[in-house]
Amino acid sequence: MSSAPISAERVSVITGATSGIGRIAAAGLARRGDRVILIGRDPARGQASLAQLTAETGNPGLSFIAADLSSMAEVRRLADRLRADHPRIDLLVNNAGALFQLRQESAEGLELTFALNHLAYFLLSDLLLEPLRQSGAGRVVNVASTAHRGANLDFDDLQTTRGYSGWRAYQRSKLANILFTRAFAQRYAASGIVTACLHPGFVATRFGDANGGLFALALGAAKRLFAESAETGGQRLLFLATTPTLEPGGYYAKNALTNPSAAARSEASAERLWQISLDLTHPWREELGG
Ligand SMILES: NC(=O)c1ccc[n+]([C@@H]2O[C@H](COP(=O)([O-])OP(=O)(O)OC[C@H]3O[C@@H](n4cnc5c(N)ncnc54)[C@H](OP(=O)(O)O)[C@@H]3O)[C@@H](O)[C@H]2O)c1
């Protein structure tokens with residue numbers, strides 16, 4: 001187990017902080033006195049969240065940056081700005097994620113689920129390594145899901161060009177989150193950066209609603225019948241962000257270290273995914289100063 005001293009002036013960056021569990025965790029971090037940088041895609045929702053969270057928590061040290069994290073160019077632009085403004089970052093929460101019922105590619109030619117849910121976690125963490133190292137007790141928390149169970153990565157078709165299903169692509173992306181967490185921890189635990197991931201629970205947020213149609217109707221019914229509150233999921237995320245001790249590379253559910261699926265424990269898959277992710281993000285990692 002590694003431990004991180006908790007300071008009242010931590011600099012915390014949280015993606016997907018404008019809705020759902022990210023917004024609740026951001027509020028908790030703000031109440032602790034962190035300087036919280038909220039990241040979201042929609043500028044209007046971002047500014048509204050910033051105003052509400054500032055009023056709710058009384059913390060004047062909050063800020064918002066808009067970035068569409070399905071674009072690696074935007075991840076790079078965001079990281080450049082964060083590095084310029086914050087030589088030290090104590091906490092990075094990779095939380096922004098979505099399910100796309102229909103297969104779509106970004107302008108960069110990347111399948112959106114893989115780009116937003118996995119490559120953005122990978123690239124943003126990589127680009128912020130230096131400020132996280134400067135913390136001396138940096139922490140990276142990745143929001144995964146129990147949806148990874150039953151999934152396997154198809155290394156010949158990571159971006160699901162064949163037989164796309166939104167749910168399967170989502171499952172694979174959440175498996176990728178757990179593999180990435182373990183590979184990252186192996187590389188950087190020794191430099192003082194603690195990394196872990198979690199399943200926040202099946203919780204009633206806006207998740208999946210943008211898809212519309214039958215899928216959103218069925219998901220809406222499932223949320224009404226079975227989901228826990230967004231508050232519960234957000235508190236679990238806050239727990240991982242703030243608990244003094246975390247198992248490096250660990251997967252948590254209900255605030256307890258839990259075994260993920262066998263596919264998520266494969267060292268070979270974690271390393272293979274790491275190398276492919278390095279190659280795919282290469283154009284946006286070049287000429288990084290500092
Ligand atoms: N809800 C669940 O039951 C559940 C279960 C397991 C895991 N999770 C995971 O929890 C995480 C958060 O989901 P949630 O349930 O809180 O969903 P949510 O209410 O839909 O919130 C998603 C957040 O991500 C942001 N986001 C979405 N697409 C983005 C993009 N392209 N670029 C930047 N930000 C983007 C959204 O910002 P905008 O509003 O600006 O678009 C919003 O702040 C996801 O990783 C999800 O996979 C959720």
Side-chain angles (χ1 to χ4, degrees), residues 13-27 37-50 52-53 64-75 77-79 93-100 104-108 110-121 123-124 141-149 151 166-167 169-178 180-181 197-211 216 219-220 222-238 240-241 251-254 258 260:
V13 175
I14 176 162
T15 72
T18 56
S19 175
I21 64 172
R23 192 186 180 291
I24 287 156
I37 301 108
L38 316 162
I39 315 296
R41 176 183 41 180
D42 181 323
R45 200 176 357 257
Q47 291 303 337
S49 300
L50 175 62
Q52 287 160 8
L53 286 172
F64 168 73
I65 304 177
D68 179 347
L69 301 176
S70 63
S71 156
M72 297 306 112
E74 291 243 336
V75 173
R77 182 185 59 77
L78 170 66
V93 179
N94 289 306
N95 164 67
L99 183 154
F100 301 93
Q104 297 169 63
E105 282 189 7
S106 67
E108 294 159 349
L110 298 166
E111 189 278 311
L112 281 192
T113 327
F114 185 69
L116 174 64
N117 294 9
H118 166 62
L119 285 180
Y121 284 27
L123 182 59
L124 188 59
V141 172
N142 298 315
V143 180
S145 172
T146 195
H148 79 278
R149 294 188 191 281
W167 176 246
Y170 178 72
Q171 284 189 290
R172 288 175 172 170
S173 71
K174 295 288 131 181
L175 171 58
N177 294 159
I178 302 171
F180 161 62
T181 301
C197 63
L198 80 156
H199 169 53
F202 176 46
V203 294
T205 63
R206 286 173 42 238
F207 183 82
D209 294 354
N211 287 284
L219 185 62
K223 283 181 198 170
R224 281 191 297 280
L225 287 171
F226 307 116
E228 297 179 278
S229 68
E231 178 70 30
T232 299
Q235 291 301 331
R236 289 177 182 144
L237 176 50
L238 185 62
L240 245 73
Y251 170 75
Y252 287 73
K254 294 189 175 170
T258 305

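All ligand and atom numbering here is 1-based and tracks the order in the structure. Note that the structure is predicted; figures quoted are calculated from it, not measured.
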Salt bridge (Lys or Arg N to Asp or Glu O under 4.0 Å) partners of residues 198-210, not counting sequence neighbours, each pair once: Asp209-Lys223
Any [X] heavy atom less than 4.0 Å from ligand 1:
{"X": "Ala144", "answer": "yes"}
{"X": "Asp68", "answer": "yes"}
{"X": "Tyr121", "answer": "yes"}
{"X": "Ala17", "answer": "yes"}
{"X": "Lys174", "answer": "yes"}

Begin from the C-alpha positions of Lys254 and Glu228 and carry the test salt bridge (Lys or Arg N to Asp or Glu O under 4.0 Å) through to its verdict. CA-CA 12 Å; Lys254 294 189 175 170; Glu228 297 179 278; 5.5 Å; no
Minimum heavy-atom separation for Ser70 to Ala115, with atom names? O-CB, 3.7 Å
Can you give me the closest heavy-atom contact between Thr258 and Arg149, atom names plus distance? CG2-NH2, 4.1 Å
Quick one: are [X] and [Y] in side-chain contact, heavy atoms under 4.5 Å?
{"X": "Leu240", "Y": "Val143", "result": "no"}
{"X": "Thr181", "Y": "Tyr121", "result": "no"}
{"X": "His148", "Y": "Asn177", "result": "no"}
{"X": "Thr18", "Y": "Asp42", "result": "no"}
{"X": "Leu237", "Y": "Ile24", "result": "no"}
{"X": "Pro200", "Y": "Ile21", "result": "yes"}
{"X": "Thr232", "Y": "Gln235", "result": "no"}
{"X": "Ile37", "Y": "Ile14", "result": "no"}

May I ask you to list the atoms of ligand 1 that are less than 4.0 angstrom from any heavy atom of [X]?
{"X": "Ile21", "value": "10 (O), 12 (C), 16 (O)"}
{"X": "Ala67", "value": "32 (N), 33 (C)"}
{"X": "Val143", "value": "9 (C), 10 (O), 11 (C)"}
{"X": "Asp42", "value": "40 (O)"}
{"X": "Ser19", "value": "18 (P), 19 (O), 21 (O), 42 (C), 43 (O)"}
{"X": "Phe202", "value": "3 (O)"}
{"X": "His199", "value": "6 (C)"}
{"X": "Gly20", "value": "16 (O), 19 (O)"}

Protein heavy atom at shortest distance from [atom]:
{"atom": "atom 45 (O) of ligand 1", "result": "Asn95 O, 2.7 Å"}
{"atom": "atom 41 (O) of ligand 1", "result": "Arg41 NH2, 2.7 Å"}
{"atom": "atom 35 (C) of ligand 1", "result": "Ala96 CB, 3.8 Å"}
{"atom": "atom 23 (C) of ligand 1", "result": "Gly16 CA, 3.6 Å"}
{"atom": "atom 38 (P) of ligand 1", "result": "Thr18 OG1, 3.6 Å"}
{"atom": "atom 47 (O) of ligand 1", "result": "Tyr170 OH, 2.6 Å"}
{"atom": "atom 14 (P) of ligand 1", "result": "Thr205 OG1, 3.5 Å"}
{"atom": "atom 13 (O) of ligand 1", "result": "Phe207 CD1, 4.1 Å"}

Evaluate Ser145 for polar contact with ligand 1, using N/O atom pairs at a separation under 3.5 Å. no
Examine Ala98 against ligand 1 and note whether any of their N/O atoms are separated by less than 3.5 Å. no
According to the interplanar angle, ranging from 0 to 90°, do the rings of His118 and Phe180 count as parallel (below 30°), tilted (30 to 60°) or perpendicular (above 60°)? perpendicular
Polar side-chain atom of Ser173 near backbone of Thr113 as donor-acceptor pair, under 3.5 Å: no
With rounding to the nearest 0.5 angstrom, report the CE to CZ distance, Met72 to Arg77. 13.0 Å
Using heavy atoms and a threshold below 4.0 Å, how should the contact between Leu116 and ligand 1 be classified: side chain, backbone, both, or neither? side chain
Using heavy-atom distances, let me know which of Gly201, Gly233, Gly46 sits nearest atom 4 (C) of ligand 1. Gly201
